[in-house]
Amino acid sequence: MTAPPAIDADPRSWRRAFADLQAGLRARELWALLAWQDIKQRYRRSSLGPLWITVGMAVTALALGVVNSALFGTSISTLLPSITTGLILWNFMNGCIVEGSETFIANEGMIKQLPAPVSVYALRTVWRQALYLAHNLVVYVIVLAIFFGKLSHPYRLVDKGYALLHPGLGWGMLLAVPALALVVLNGAWVVLLFGVVSTRFRDIPPVIQSFITMLFYATPIMWSMDQVRAMNQTSHEGFGSLAVNLLQLNPVYHFVEIVRAPLVGQQQSWTHWLVAGVVTVVGWSLAMLVLRNYRARVAYWV
C-alpha cells in the first residue's frame with residue numbers, strides 16, 4: 001500500500017510559498033472577475049463607463065504635451081507621443097506601487113471570509129492595473145496614427161544640431177511586447193512585496209504616497225533625456241552629466257525606456273534591459289522570501 005505524500009507542516013516553507021503562488025495563478029477566473037468588478041464599480045452609473053480611463057489619459061497627455069512643447073521649444077509631433085507613452089506606463093507602475101501597498105488591507109473582508117491563496121489578492125490588483133493599461137493604450141494608438149508620418153523617419157526629439165538622432169518606427173516596435181510583459185511581471189512582485197509589508201507596518205502606505213510624486217518628477221515622463229543632454233551641451237557646470245548619472249539609479253526610468261523607445265521609434269540602450277532583468281530577479285526573490293515567511297500572518301494583520 002502506497003503511503004500518502006508527506007505534508008509540509010512548516011508554514012515558513014518554500015514549498016508552501018510556491019504552492020500559494022501556483023494556486024493563485026490557477027484561480028485566474030476569480031481574480032480576473034474581481035478586477036473587472038472593481039472597474040465596473042468605480043464607473044457605475046457613468047455614461048462612458050471605463051472609457052473615462054481613456055478620456056482622462058488623453059486630456060492629461062495633450063495638456064502636458066502642449067505645455068512642454070511651448071516651454072522647451074520642442075516639436076509636439078515628437079514630444080507628445082513620448083509623453084503619452086510615458087504617462088501610460090507611469091500610471092500602471094504608480095497603480096501597482098500605491099494600490100499594491102494597500103491590496104491586502106482593502107481586501108480585509110474577503111481575506112477573513114474566503115479561503116483563497118494570498119497571491120489571489122495581489123493578482124487582482126495587478127490585473128486591474130493591466131486593464132487600465134489596456135484602456136490607455138487606445139490613446140497611444142490614436143496619437144501614433146496622427147503623428148506616424150513624423151515618427152516613421154529618423155528624427156530628433158530636441159531641435160539641436162548635436163541632439164541624438166532616433167531611428168524612427170520599424171520592426172523594433174515588436175520589442176515592446178516582451179517589454180510590456182516584463183513590466184507587468186514586475187508589477188506582480190511589487191504588489192506582493194509592498195502589500196505584505198504594508199499590512200504589517202501601516203505607516204508604509206502614507207510614506208509611499210509622500211515619495212511617489214518625487215519619483216514621478218525624477219523619471220523622464222514629462223521631459224526626456226535628450227533635453228537633459230542638450231542642457232549638458234550648453235551648460236558649463238556639468239549639471240546635465242550629474243542628472244544623467246543620477247537617473248541611472250532610478251529603476252522606473254529603465255522600465256519606461258524598454259517599452260517607450262520601441263513604441264515611438266527612439267534609440268535604445270541594452271543597458272535598460274540589463275537593469276530591468278536584474279531588478280526582476282532581485283524583486284521576485286524578495287517577494288518570495290516575504291511570502292515564505294509571512295504569508296500565514298496576513299490574515300491576522302489585516
Peer 1: Checking the side chain of S152 only, and the main-chain atoms of G149 only, is there a donor and an acceptor separated by less than 3.5 Å?
Peer 2: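 Pair found, side chain donor or acceptor close to backbone of G149.
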Peer 1: Please answer whether the main-chain N or O of P206 pairs with a side-chain N or O of S210 as donor and acceptor at a distance below 3.5 Å.
Peer 2: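 Indeed, once roles are kept as given, a pair shorter than 3.5 Å links the two residues.
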Peer 1: Take atom CH2 of W127 as the centre, draw a 6.0 Å sphere, and report whether it contains more than 12 heavy atoms from other residues, nucleotides or ligands.
Peer 2: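 No, the 6.0 Å shell around CH2 holds no more than 12 heavy atoms from other groups.
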Peer 1: If you compare all heavy atoms of T199 against all heavy atoms of G195, which two are closest, and at what distance to 0.1 Å?
Peer 2: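 Closest approach of T199 to G195: OG1-O, 2.6 Å.
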Peer 1: Nearest 0.5 Å, what's the CD1-CZ distance between I83 and R260?
Peer 2: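 Taking CD1 in I83 and CZ in R260, the distance rounds to 9.0 Å.
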Peer 1: Ignoring hydrogens and angles, tell me if any N or O in the side chain of H166 forms a donor-acceptor pair with the backbone of Q267 under 3.5 Å.
Peer 2: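 Pair found, side chain donor or acceptor close to backbone of Q267.
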Peer 1: List the atom pairs, with distances to 0.1 Å, where a side-chain N or O of residues 84-95 and a protein N or O form a donor-acceptor pair under 3.5 Å, not counting sequence neighbours.
Peer 2:
residue, atom, partner, partner atom, Å
T84, OG1, L80, O, 2.8
T85, OG1, P81, O, 2.7

Peer 1: Can you see which heavy atom on V120 is nearest to which on G24, and at what distance?
Peer 2: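 Looking at all heavy atoms of both residues, the shortest contact is CG2-CA, 3.9 Å.
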Peer 1: Working to the nearest 0.5 angstrom, can you tell me the gap between K150 NZ and I76 CD1?
Peer 2: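 Going from the NZ atom of K150 to the CD1 atom of I76 covers 13.0 Å.
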Peer 1: Counting N and O atoms only, with roles assigned by atom type, does the side chain of T219 sit under 3.5 Å from a partner on the main chain of I221, one being a donor and the other an acceptor?
Peer 2: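 No, because the side chain of T219 does not come within donor-acceptor range (under 3.5 Å) of the backbone of I221.
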Peer 1: Just say parallel, tilted or perpendicular for the rings of H272 and Y253, cut-offs at 30° and 60°.
Peer 2: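 H272 and Y253: perpendicular rings.
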Peer 1: Any link between W270 and L174 through a network of hydrophobic side chains (Ile, Leu, Val, Met, Phe, Trp, Tyr) touching at under 4.5 Å?
Peer 2: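 No.
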Peer 1: Do V207 and M214 share a hydrophobic cluster (ILVMFWY, side-chain heavy atoms under 4.5 Å, transitive)?
Peer 2: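 Cluster IDs for V207 and M214 match.
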Peer 1: How far does CG of L34 sit from CZ of R128, to the nearest 0.5 angstrom?
Peer 2: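 With rounding to 0.5 Å, CG (L34) is 9.5 Å from CZ (R128).
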Peer 1: Who passes side chain to side chain contact (heavy atoms under 4.5 Å, CB included) against T280, sequence neighbours left out?
Peer 2: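 For T280, the residues satisfying side chain to side chain contact (heavy atoms under 4.5 Å, CB included) (neighbours in sequence not counted) are L182, L185, N186, F255, W284.
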Peer 1: Please check if the side chain of D20 supplies one atom and the backbone of V118 the other of a donor-acceptor pair under 3.5 Å.
Peer 2: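 Side chain of D20 to backbone of V118: a pair is present.
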Peer 1: Minimum heavy-atom separation for L169 to V264, with atom names?
Peer 2: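 Reported closest heavy-atom pair: CD2-C, 3.6 Å.
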Peer 1: Between F194 and W189, how do the two ring planes meet: parallel, tilted or perpendicular, split at 30° and 60°?
Peer 2: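 It falls in the perpendicular class, over 60°.
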Peer 1: Decide yes or no on side-chain hydrogen bond (donor to acceptor under 3.5 Å, both in side chains) for S198 and S101, but give the supporting numbers first.
Peer 2: CA-CA 6 Å; S198 298; S101 65; 4.5 Å; no
Peer 1: Do L215 and N250 have side chains that get closer than 4.5 Å, going by heavy atoms?
Peer 2: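 Yes; the side chains approach each other to less than 4.5 Å.
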Peer 1: Looking only at the side chains, is there a donor atom on one of E257 and Q268 sitting less than 3.5 Å from an acceptor on the other?
Peer 2: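 Per modelled atom types, E257 and Q268 side chains form no pair under 3.5 Å.
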Peer 1: Kindly give the heavy-atom pair with the smallest separation between M288 and W14, and that separation in Å.
Peer 2: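 Closest heavy-atom pair between M288 and W14: O-CZ3, 3.5 Å.
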Peer 1: To the nearest 0.5 Å, what is the distance between CE on M222 and OG1 on T60?
Peer 2: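 Result: 11.5 Å between the selected atoms.
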Peer 1: Evaluate side-chain contact (heavy atoms from CB on, under 4.5 Å) for L144 paired with F147, printing each intermediate quantity in order.
Peer 2: CA-CA 5 Å; L144 180 66; F147 299 111; over 6 Å; no
Peer 1: Are any non-hydrogen side-chain atoms of H254 and V279 less than 4.5 angstrom apart?
Peer 2: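 Contact flag for H254/V279 side chains = no.
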Peer 1: Please determine whether residues V177 and V259 belong to a single hydrophobic cluster, defined as Ile, Leu, Val, Met, Phe, Trp and Tyr linked transitively by side-chain heavy-atom distances below 4.5 Å.
Peer 2: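 No, V177 and V259 fall in different hydrophobic clusters.
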Peer 1: Indicate, with yes or no, if Y217 and L64 share a hydrophobic cluster defined by side-chain heavy-atom contacts under 4.5 Å among Ile, Leu, Val, Met, Phe, Trp and Tyr.
Peer 2: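 Cluster IDs for L64 and Y217 match.
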Peer 1: Return the CD1 to CD distance between I111 and Q113, rounded to the nearest 0.5 Å.
Peer 2: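 I111 CD1 to Q113 CD: 11.0 Å, rounded to 0.5 Å.
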Peer 1: Quick one, S77 and F148 - any side-chain contact, counting heavy atoms below 4.5 Å?
Peer 2: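 Heavy-atom side-chain distance check fails, nothing below 4.5 Å.
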Peer 1: Could you check whether atom CZ of R202 has more than 12 heavy atoms from other residues, nucleotides or ligands sitting under 6.0 Å from it?
Peer 2: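 Result for CZ/R202: enclosed.
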Peer 1: Once you round to the nearest 0.5 Å, how far does CD1 of I204 lie from CD of Q209?
Peer 2: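 Here the rounded value is 12.5 Å.
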Peer 1: Kindly give the heavy-atom pair with the smallest separation between P262 and A176, and that separation in Å.
Peer 2: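 P262 and A176 have their closest heavy atoms at CG-N, 3.9 Å.
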Peer 1: Please tell me whether F211 and I208 are part of a single hydrophobic cluster in this structure, the criterion being side-chain heavy atoms less than 4.5 Å apart.
Peer 2: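 No: no chain of side-chain contacts under 4.5 Å links F211 to I208.
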Peer 1: Checking Y140 side chain against L263 main chain: does a donor-acceptor pair fall under 3.5 Å?
Peer 2: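 Yes: the side chain of Y140 pairs with the backbone of L263.
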Peer 1: What pair of heavy atoms forms the shortest contact from A23 to P117, and how long is it?
Peer 2: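 Of all heavy-atom pairs spanning A23 and P117, the closest is CB-CG, 3.5 Å.
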Peer 1: Could you walk me through whether M57 and H135 pass side-chain contact (heavy atoms from CB on, under 4.5 Å), step by step?
Peer 2: CA-CA 9 Å; M57 172 57 63; H135 278 85; over 6 Å; no
Peer 1: Go through V290 and L192 one step at a time and tell me if the side-chain contact (heavy atoms from CB on, under 4.5 Å) criterion holds.
Peer 2: CA-CA 9 Å; V290 168; L192 195 58; over 6 Å; no
Peer 1: May I ask you to test the L291-Y294 pair for a side-chain heavy-atom distance under 4.5 Å?
Peer 2: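 No, every pair of side-chain atoms sits at 4.5 Å or beyond.
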Peer 1: Heavy-atom distance under 4.5 Å between the side chains of V184 and L180, does that happen here?
Peer 2: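 No, side chains not in contact.
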Peer 1: With sequence neighbours excluded, give me every ring pair (Phe, Tyr, Trp, His ring centres under 6.0 Å) pair touching residues 102-124.
Peer 2: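 The answer is none; no pair qualifies.
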Peer 1: Run the numbers on Q129 and E99 for side-chain contact (heavy atoms from CB on, under 4.5 Å), then give the verdict.
Peer 2: CA-CA 9 Å; Q129 297 304 321; E99 295 188 20; 2.9 Å; yes
Peer 1: Does the structure place the NZ or CZ of R124 under 6.0 Å from the centre of the six-membered ring of W31, at an angle of no more than 45° from the ring's axis?
Peer 2: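 No; the conditions do not both hold, so R124 does not lie above the ring face of W31.
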